[in-house]
2 protein chains.
Amino acid sequence: MVQLSPAESGRAAQGDTSVTRVLGILDLFAPDTPVWTVDMLVEHLSLGRATIYRYIRALCDAGFLVPVAGAGYVLGPRFIEFDRSIRLADPLLHIVPPVMAELRAVVNGAQLLCGFYGLRVLTVLQDKTDPNITMSMERGRPFSLFQGSPSRVILAHLPTYQLRNLALNQQKEIAAAGLGENWTEFRDAMRAIRKTGYLVASDIDKALVGISAPIFHAPGAVAASLCLVRLKESVTPEDAAFLGGLAVWACQRISAELQAFRPGNAGAGAPAFPISRVR
Amino acid sequence: MVQLSPAESGRAAQGDTSVTRVLGILDLFAPDTPVWTVDMLVEHLSLGRATIYRYIRALCDAGFLVPVAGAGYVLGPRFIEFDRSIRLADPLLHIVPPVMAELRAVVNGAQLLCGFYGLRVLTVLQDKTDPNITMSMERGRPFSLFQGSPSRVILAHLPTYQLRNLALNQQKEIAAAGLGENWTEFRDAMRAIRKTGYLVASDIDKALVGISAPIFHAPGAVAASLCLVRLKESVTPEDAAFLGGLAVWACQRISAELQAFRPGNAGAGAPAFPISRVR
DNA sequence: ATGAAAATCCTCATAATAAGAGATTTTTTT
DNA sequence: AAAAAAATCTCTTATTATGAGGATTTTCAT
């Protein structure tokens with residue numbers, strides 16, 4: 001029997017375990033509401049005061065929250081530490097910066113390295129030259145898997161069975177992004193992108209053009225994408241094709257280095273550098 | 001009645017709730033063991049397979065873990081996103097970079113901005129000039145509250161009652177760091193630092209000297225510290241004093257800006273920019 | 001330093017739910 | 001397309017999370 005509701009809503013969300021609730025609390029600490037008091041949480045979550053204190057204590061002990069003056073709590077230092085852990089373990093952050101430096105003058109705009117994580121894509125590294133390009137696309141900025149050239153070029157290079165799953169489960173989002181109304185349309189659209197090797201798009205910031213190519217951890221396994229960004233008005237079709245070729249060339253080099261890369265700490269049977277799976 | 005064991009062990013650790021266990025799993029994903037499989041977790045934690053899958057699902061749904069090829073899991077993108085949230089909300093990251101740029105030439109070494117979070121201090125921003133200084137002190141690098149000039153200058157400026165608590169609960173660590181064998185010694189040591197206004201130390205990397213001054217969010221409320229770093233061999237006592245004065249001057253400017261700062265998004269009654277409490 | 005106000009934690013009975021074993025479904029590889 | 005591996009589900013039992021209110025600690029102003 002097929003579960004319809006989770007598929008329809010895009011992601012299962014039946015979570016009602018205490019762990020889910022505790023982790024959910026962290027989501028409340030968004031940039032526009034960075035401080036929460038116990039009273040606010042009690043009211044917002046309709047839970048007993050003691051329970052909230054228990055939750056908060058667990059989060060504080062783990063360093064995910066920090067108490068601040070005036071009975072409030074904010075996001076804690078552990079996130080900063082974990083981000084550093086991830087940075088230290090990520091071979092792309094060793095390999096890509098020199099490549100970006102080489103491309104900088106030719107691109108004359110900006111460059112993004114976008115990582116692929118399950119169903120999400122996010123900026124992992126940024127290199128900006130043109131001060132006219134005001135992007136808040138720095139590390140940590142999330143993208144939908146279906147919007148923007150960095151995401152879509154990754155999407156296009158996912159294994160077939162993952163694309164099939166997406167076509168089934170994310171039908172609405174795919175159609176909304178203009179990637180096809182059904183599986184065959186979607187598959188053909190993705191195939192076309194793969195054939196070109198790079199993707200030119202201008203769907204996130206209309207004033208900009210992004211030209212992206214895929215980075216592979218292993219043959220057939222996308223790990224990330226490199227996106228070259230320019231002001232739209234300064235890009236002719238020939239420029240776009242040229243930058244596309246440039247991106248592909250750079251990404252081939254990056255992929256080769258990535259596949260040669262073996263971390264010194266590699267655990268016995270552990271994958272050298274792991275690729276995200278969808279779902 | 002006084003709880004002795006938590007005080008002795010430095011921090012309470014009686015956690016045996018499911019939330020604690022789940023959060024504890026994340027600690028396993030350290031830089032040298034970044035990939036964990038379900039089997040490894042089952043064995044390591046002596047828990048049922050179904051339970052591990054339940055835990056992992058909660059963490060994956062929250063974006064704290066990501067499945068990778070080969071039945072493994074790694075730290076997820078949510079940490080990168082949360083770090084960005086914190087960066088975006090942190091006024092210090094707006095205020096300090098230009099100040100560091102001004103100081104750069106004079107310091108001729110490196111500069112650290114260290115934030116204060118509960119019982120921890122960590123690097124939040126780094127500015128390096130001298131290539132001979134090889135520090136891995138970039139954002140996210142944690143410090144003990146008792147080691148290093150950035151930490152200790154913050155420590156010295158904590159409110160008296162917090163110092164008293166520390167003297168009670170962290171007695172061993174304080175003695176080990178040479179900050180005094182008892183409350184009066186500790187208090188006097190801290191007072192001496194406050195009187196100087198800055199702190200010169202060389203206790204983390206013996207080849208370097210750090211000269212730190214405190215940054216206040218409100219009069220009497222430390223929020224962070226600025227640390228000027230130089231190779232030890234190139235620092236005379238006069239240099240140290242000069243850099244100390246420079247640090248204090250810079251921190252006064254930073255503190256003034258910080259106290260004037262009111263985030264545009266400030267929620268109704270929420271503190272403008274929150275200061276960490278100890279504990 | 002002292003005391004009042006606020007914030008946090010503890011105790012305990014009850015009801016909710018997390019754990020585990022094994023079958024089942026989904027995903028991935030060949 | 002089939003086989004292997006991974007992840008999820010089902011169900012019962014025993015664990016443990018919950019909430020109310022009181023005890024305690026922390027904070028802040030005098």
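In what follows, chains are A, B, ... by sequence order, proteins preceding strands, each numbered from 1. Since this is a predicted model, take the numbers as computed values, not measurements.
The distance from atom OH of Tyr161(B) to atom P of dA29(D) is 9 Å, rounded to the nearest whole Å. One interatomic measurement links the two molecules: CG of Asn165(A) to C1' of dT25(C), which rounds to 13 Å at whole-angstrom precision. Per the geometry, CZ belonging to Arg49(B) stands 18 Å off P belonging to dT24(C), to the nearest Å. If you take CH2 of Trp36(B) and C1' of dA6(D), they are 19 Å apart, rounded to a whole angstrom.
Rounding to the nearest 0.5 Å gives a distance of 9.5 Å between CZ of Arg152(B) and OG of Ser212(B).
The terminal axes of the helix from dA1(C)-dT30(D) to dT30(C)-dA1(D), fitted over 5 pairs per end, subtend an angle of 90° to the nearest 10°.
Residue side chain Arg54(B) does not reach the base of dA18(C) through any donor-acceptor N/O pair under 3.5 Å, judged by distance alone.
You'll find that the side chain of Thr17(A) is closest to dA18(C), out of dA7(C), dA18(C), dG19(D). Set against dT27(C), dA19(C), dC9(D), the side chain of Arg21(B) has dA19(C) as its closest nucleotide.
Taking the six-membered ring for Trp and thresholds of 30 and 60 degrees, Phe79(B) and Phe79(A) have ring planes inclined between 30 and 60 degrees apart.
A side-chain contact (heavy atoms from CB on, under 4.5 Å) with Phe64(B) is found for exactly one of Val22(B), Leu23(B), Leu26(B), Ile25(B), namely Leu26(B).
The pair Asp27(A)-Arg78(B) counts as a salt bridge, with a side-chain nitrogen and a carboxylate oxygen less than 4.0 angstrom apart.
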